[in-house]
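Inspection log for the structure reproduced underneath, given as structure tokens.
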Amino acid sequence: MTRFAKEVWAVVLGGSSGFGLASARKLSSEGMNVCAVHRDRRGAMDRINRDFDEIRANGHGFFSLNLDALSPEGITSVIDALATHLGTEGRVRVLLHSIAYGNLKPVVSPPAGTDSALDRLAEALAVPRAEFDRAVDQLADAGEPIFQALQPVNYGDSVLDDEDVARTIYSMGTSLLTWVQRLHSAGLFAADARVIGLTSEGNEVAWRGYAAVAAAKSALESVSRAIAVEFAPHGIRSNIIQPGVTDTPALRVIPGSARMKAGARLRNPFGRLTTPEDVANVVYLLSLDEARWINGALIRADGGERIA
């Protein structure tokens, strides 16, 4: 027995990895049809197609589109494809925004000749800094959180500019509103629809190199609240999930992600990282009939990491 009617669909933006893929799997396993929108290179498609074949094996509707979900042309292509696949009865119950596309640059270069604590520690141990870094890397790769926290971080020489910030804020933030407006204008939302976005602890905590993404997450949350209020008369609920630190492809490209993971393991009450499946379960819960009165909320799915 499935929890959803046969005409119910989910549109997952960023559906080929991480939270998006896990959510597509979960919703499909519970009987929802899924459209996965993603943008990946040809070299990644063997793995992605295997994952998508697993979703198809659930026996419900599924199709995927490899395109730019942030361009007007890409959005139009998705809406046209939805109109074809959904037919006259199908409607979008869930829109999950799981797009991870942003600039990870600091806002200013560090002062020249800055002496770091790691430099001083290597000096105190009478070990050349290069050897010290190699030892730390080896122990970090072995899974020791304390040494993962010591790994040096290279942010490169570039700093954020206006275009970096604007592009990131749209990609990971305000594009949620664009998608809601376009799907609504096309008449594709169900009478009881759920819009879900994903934020992070960077919405409140400043991390070097994370300023543009942090701004995008704050914008995402603000836009979600506006959707929750102004689209409510149209039957649309909008909520934000804040996962704990999760080992996803998006996290791994953040400079210093090893430190983030180490810190999360040390302070999480359950002593582990959040998984994409943990978050997918919350996406599923928010899509149920019983969750219809949750609107405009920020829900933490982190095992208590944020409060620890």
Q: Check Glu221, Lys217, Gln242 against Thr199 for a side-chain hydrogen bond (donor to acceptor under 3.5 Å, both in side chains) and give me the one that passes.
A: Glu221
Q. Are His184 and Phe231 near enough that their ring centres are under 6.0 Å apart?
A. yes
Q) With no hydrogens and no angle check, is any side-chain donor or acceptor of Asn268 less than 3.5 Å from a backbone partner on Asp302? A) yes
Q. Do the ring planes of Phe63 and His85 sit parallel (below 30°), tilted (30 to 60°) or perpendicular (above 60°)?
A. parallel
Q) So how far is it from Asp278 CG to Thr246 OG1, rounded to the nearest 0.5 Å? A) 7.5 Å
Q) Does any N or O in the side chain of Asn281 come within less than 3.5 Å of the main-chain N or O of Glu277, such that one atom is a donor and the other an acceptor? A) yes
(Q) Whether the side chain of Ser224 engages the backbone of Leu220 through a donor-acceptor N/O pair (distance < 3.5 Å, no angle test) should be reported. (A) no
(Q) Using only atom types and a distance under 3.5 Å, with no angle test, would you say the side chain of Trp179 pairs donor to acceptor with the backbone of Ala69? (A) yes
Q) Looking at Phe52 versus His38, is the centre-to-centre ring distance below 6.0 Å? A) yes
(Q) Between Arg167 and Asp162 (salt bridge meaning N to carboxylate O under 4.0 Å), is one present in this structure? (A) no
Q) How many angstroms lie between atom CG of Asn66 and atom OG of Ser16, to the nearest 0.5 angstrom? A) 7.5 Å
Q.
Under a 4.0 Å threshold between the charged nitrogen and the carboxylate oxygen, would Arg50 count as salt-bridged to Asp53?
A. no
(Q) If you compare all heavy atoms of Cys35 against all heavy atoms of Leu65, which two are closest, and at what distance to 0.1 Å? (A) SG-CD1, 4.5 Å
Q) Within the distance-only criterion (no hydrogens, no angle test), does the side chain of Arg237 pair as donor or acceptor with the backbone N or O of Gly235 below 3.5 angstrom? A) yes
Q. Charged N to carboxylate O below 4.0 Å: is that the case for Arg91 and Glu7?
A. no
(Q) Tell me if the CZ atom of Arg252 is crowded by more than 12 foreign heavy atoms within 6.0 Å. (A) yes
(Q) Check this for me: does any side-chain nitrogen of one of Asp192 and Arg194 sit under 4.0 Å from a carboxylate oxygen of the other? (A) yes
**Q.** Short side-chain donor-acceptor distance under 3.5 Å, Asn58 and Ser28
**A.** yes
**Q.** Ionic contact status for Arg267 with Glu201, cut-off 4.0 Å
**A.** yes
Q. Can Arg3 and Glu290 be counted as an ion pair, charged N to O under 4.0 angstrom?
A. yes
Q. Between Tyr210 and Ser200, is any side-chain donor less than 3.5 angstrom from a side-chain acceptor?
A. yes
Q) With no hydrogens and no angle check, is any side-chain donor or acceptor of Asn49 less than 3.5 Å from a backbone partner on Met45? A) yes
